[in-house]
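Heavy-atom basis, side chains included; hydrogens, waters and symmetry copies ignored. So that the names make sense, note that chain A is the first sequence line, chain B the second, and so on, each numbered from 1.
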Amino acid sequence: MLDIRVRFAPSPTGAPHVGNIRTALFDYLWARHTGGKFILRIEDTDQAREVENGLELILESLRYLGLQWDEGPDVGGAYGPYRQSERLPLYAEHAQQLIAKGAAYYCYCTPERLEQMREAQHARGESTRYDYRCRYLSPEERAAHERAGDPKVVRLAVPREGKTTLRDFIHGDLTIANENVDDQVLLKSDSFPTYHLAVVVDDHLMKISHVMRGDDWVPSFPKHVLVYQAFGWEIPLHGHVPMVTGADKKKLGKRHGSTSVTQFRDDGYLPEAMLNFLVRLGWSYDDKTELFTREQLIEYFTLDKIEHAPAIFDYGKLDWLNGYYIRQLSDDDLAARMLPFFERARLKADRATLRALAPLLKERIKKLTEAVAWSDFLFVDDVEYDPRSLIGKGMDAASALAALRAAQHVLEKYPAFDDEQKIEAELRAASDQLGLKPAPFFGTLRVAVTGKTVSPPLAGSLGLLGREKTLRRIARAVMVLESKQSGDRVTG
RNA sequence: GCCGCAUUCGUCUAGUGGACCAGGACGCCGCCCUCUCAAGGCGGAGACCAGGGGUUCGAAUCCCCUAUGCGGCACCA
């Protein structure tokens, strides 16, 4: 039985994208499912595109989702280093071997020349590709370039005939005619490898058993297969996972909304919801199950259930899932997870209050960020609102005033608001006595106390707000209505 | 332009020749519950399985063609 070793190999060019991280999830699940190893390798071979905190963003994203890696740049492992920029000699050496085997050659073409070449090809309506100029250089010409010290790259010598096939465990056999494959650069003039050399060398050296990557890599598989064959290496199992797209079916990008994993974290999405959502983009277990715990995913995940076609990232369904997982949280847990969002909003929310608030918000919020807007009235001195909203539908200023005074009477009797059920019952009775339906009665009280027309259940909210603030706010609302009434009389 | 991949309700998907006049979930609509908002319960609309040819007693499922969409065509990954 072969040792399962799968790797996630991002390049540190920015915050990891949900599409990429979905692939990482598949990698992780496959490793855990099989008892294999999940390896993190950093493909930092493009110095120009690298971002300073790129590595940190990758690690953060993986940690947020709990995709723990077994080998990687920070934890090491038997096949390191795990940063390609630290493996340069390896690539140079292997490029050398390919040249010796006649599978690759030095190319002295300048970027300017290549640019002109492509322009000309484009003008002629041809597909752009290297024109083989340096592939067939005479020994003399080659020596001249060497003597002149011209910068050079190493290019793969792709056969001009035949075709190359890759057995893909998601798509089946993929085949591309060699005549359509470019003589790709393998080693750049700055002595860094390109992706095409580095992946093959590293996947082989790191004994990777399964290569999973996005569908957008399909067109370049022949280059990799050819390199494997030139070395005489066994080709790992490959699977090209379908793309994750926006609603317009185009590759997910900034214009589609949030796309980076860390952004979702900051927007208040739970890792368990993200995990569940991401895995269902391109993978399913059966015809009924939508909800999966991490443990279940590890148990159920198999490669044969991966979808072939691209999937649209449905933000609405993610919200539903997130709401579902929030409802499953214990009050303590929810409180702990909400805390940072209140801190970020500069509200002095203490753990105990949040813990008591949790059951009230649990079934009302879809994201942790929403907790703040629902409950900020608890953590400020006073609330602002449009006085007109004190008067509900079917009410007038007089009835609203009566409702508030009745509430005042009821609430003043209680030294503490701890018996919510009893308070609610009494408020209801008071409302009844005034001949008001509960809706307008509680509505007026709600605005007076929370400043909102929508809030968590009132009795619970009053309990959390406390007697002093509650009564103060009601008294203020009474004054507002009184002055409004007298004002009405004066002007009317 | 060339090459490649894909195509089941709006969306994510189940489906691998008969159990499918196509099942589940999100969303949507209605009802119930209800102090607001949710959550929850119940019910409903929604896919001639991209189109056209075959193969077969029988096709969403196999083959061919077409269409459409997407992806790739760098000394980027």
Next item on the list: May I have the step-by-step check of side chain to side chain contact (heavy atoms under 4.5 Å, CB included) for His224(A) and His196(A), ending in yes or no?
Entry: CA-CA 6 Å; His224(A) 311 143; His196(A) 308 284; 2.9 Å; yes
Write down the protein N/O and nucleotide N/O pairs, taken from nucleotides 62-65 of chain B, whose separation is under 3.5 Å; answer none if there are no such pairs.
none

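Between Lys393(A) and the phosphate of U36(B), there is no side-chain N or O to OP1/OP2 separation shorter than 4.0 Å. Look at Thr128(A) and you won't find any side-chain N or O under 4.0 angstrom from OP1 or OP2 of C2(B). Look at Thr45(A) and you'll find a side-chain N or O under 4.0 angstrom from OP1 or OP2 of A77(B). For C70(B), neither phosphate oxygen OP1 nor OP2 lies less than 4.0 angstrom from any side-chain nitrogen or oxygen of Lys249(A). Phosphate proximity of C26(B) to Arg280(A): absent, as no side-chain N or O sits under 4.0 Å from OP1 or OP2. OP1 or OP2 of A6(B) sits under 4.0 Å from a side-chain N or O of His171(A). In terms of phosphate contacts, Lys188(A) brings a side-chain nitrogen or oxygen within less than 4.0 Å of OP1 or OP2 of A77(B). Between Ser284(A) and A14(B), a side-chain N or O to OP1/OP2 separation shorter than 4.0 Å is present. The phosphate of G72(B) (OP1 or OP2) has a side-chain N or O of Lys251(A) nearer than 4.0 angstrom. Close to C26(B), at under 4.0 Å from its OP1 or OP2, lies no side-chain N or O of Lys366(A).
If Arg49(A) and Ser127(A) are placed on RNA chain B by their nearest nucleotide, the residue sitting closer to the 5' end is Ser127(A).
In this structure, A67(B) and U7(B) make a Watson-Crick or G-U wobble pair, each of the two defining distances being under 3.5 angstrom. Nucleotide G72(B) has C2(B) as its partner under the Watson-Crick or G-U criteria, with both atom distances under 3.5 Å. Partner assigned to U36(B) is none, using Watson-Crick or G-U wobble distances below 3.5 angstrom.
Electrostatic pairing of Asp432(A) and Lys437(A) does not count as a salt bridge here, judged by no charged N lying under 4.0 Å from a carboxylate O. With respect to the salt-bridge test (charged N to carboxylate O, under 4.0 angstrom), the residues Glu426(A) and Arg428(A) do not qualify. Between Arg155(A) and Asp183(A) there is no salt bridge, since none of the side-chain N atoms of the basic residue sits less than 4.0 Å from a carboxylate O of the acidic one.
Interface remark: the Glu290(A) side chain does form a donor-acceptor pair with the G24(B) base, using a distance-only criterion of under 3.5 Å. Contact of Ser189(A) with C75(B) (side chain to base): a donor-acceptor pair of N or O atoms is detected under 3.5 Å. Residue side chain Arg129(A) does not reach the base of C73(B) through any donor-acceptor N/O pair under 3.5 Å, judged by distance alone. No donor-acceptor contact under 3.5 Å links the side chain of Lys288(A) to the base of A14(B).
Under the 30°/60° scheme for interplanar angles, the aromatic rings of Tyr414(A) and Phe417(A) are found to stand perpendicular. Using a 30° and 60° split on the angle between ring planes, Phe264(A) and Tyr269(A) fall in the perpendicular class, above 60°.
Counting only distance, with no hydrogens or angles, the side chain of His17(A) and the backbone of Leu252(A) share a donor-acceptor pair below 3.5 Å.
As judged by a 4.0 angstrom heavy-atom cut-off over every strand, Arg155(A) is placed among residues touching the sugar-phosphate backbone only. Across all strands, Leu174(A) comes closer than 4.0 Å only to sugar-phosphate atoms, never to a base (heavy-atom distances). The residue Leu458(A) sits close to a base: some heavy atom pair falls under 4.0 Å.
Among C26(B), A77(B), A39(B), the nucleotide with an atom closest to any side-chain atom of Trp320(A) is C26(B).
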